[in-house]
Amino acid sequence: MAKLVEYSRLTLPCPVPEWFEQALSYPGIQLLDLTPQIAYESTRLPEGFHRDPADQIVVATARIQGISLLTLDAKILSYRT
């Protein structure tokens, strides 16, 4: 989120730290740690995933945690494995 704001690709209604605080206050929302297992999995995604390291980490996190990923990112959506 912060990088998208930095690159003017996203506008938030408040400063980034405040946005994170508000987002994390919703019931059921949890910030997950970037573990060594997730970092490694991000380098081992099945063939066909694009080279954006942030997207690789997001997808690897969902795979390791066994959770659904909600996104509008076309590159992630086009990845089916």
Side-chain angles (χ1 to χ4, degrees):
M1 300 301 296
K3 282 295 181 188
L4 293 174
V5 171
E6 177 187 6
Y7 296 145
S8 299
R9 293 180 55 205
L10 177 68
T11 302
L12 298 176
C14 55
V16 172
E18 184 179 333
W19 184 90
F20 275 115
E21 185 178 328
Q22 289 178 19
L24 293 171
S25 71
Y26 284 93
I29 300 297
Q30 178 183 354
L31 183 62
L32 299 174
D33 291 331
L34 175 57
T35 65
Q37 183 183 17
I38 291 170
Y40 178 68
E41 176 71 12
S42 75
T43 70
R44 309 290 298 163
L45 295 173
E47 188 174 329
F49 197 83
H50 63 278
R51 298 180 49 93
D52 182 323
D55 286 354
Q56 292 171 349
I57 290 169
V58 168
V59 170
T61 300
R63 290 168 58 97
I64 294 293
Q65 295 292 326
I67 56 178
S68 297
L69 177 59
L70 180 64
T71 183
L72 293 176
D73 186 294
K75 288 181 180 177
I76 292 176
L77 290 171
S78 68
Y79 178 67
R80 297 289 179 201
T81 305

Provide the full list of salt bridge (Lys or Arg N to Asp or Glu O under 4.0 Å) pairs with a residue in residues 15-39, sequence neighbours left out, each pair given once. none
Which ILVMFWY residues are connected to I38, directly or by a chain of links, through side-chain heavy atoms under 4.5 Å apart? L34, I57, I64
Strictly by ring-ring contact (aromatic ring centres under 6.0 Å, His included), give each pair with a member in residues 24-57 just once, sequence neighbours left out. F49-Y79
Pair up each side-chain donor or acceptor in residues 2-9 with any protein partner under 3.5 Å, not counting sequence neighbours, and list the distances.
residue: K3; atom: NZ; partner: E6; partner atom: OE1; Å: 2.8

Listing request: all side-chain hydrogen bond (donor to acceptor under 3.5 Å, both in side chains) pairs with a residue in residues 67-78, at least two apart in sequence or in separate chains. none
Could I get the full list of side chain to side chain donor-acceptor pair (under 3.5 Å) partners for Q56, not counting sequence neighbours? none
Evaluate the side chain to side chain contact (heavy atoms under 4.5 Å, CB included) criterion for residues M1 and V16: first the C-alpha distance (whole Å), next the side-chain angles of each, then the deciding distance (0.1 Å), finally the verdict. CA-CA 8 Å; M1 300 301 296; V16 172; 5.5 Å; no
Applying the 4.5 Å side-chain criterion to the ILVMFWY set and letting contacts propagate, would L69 and L32 be lumped into a single cluster? no
To the nearest 0.5 Å, tell me how far T35 OG1 sits from Q65 CD. 7.5 Å
In Å, rounded to the nearest 0.5 Å, how long is the span from CG of L24 to CG of L31? 5.5 Å
Between CZ of R44 and CZ of R63, what distance do you get to the nearest 0.5 Å? 11.0 Å
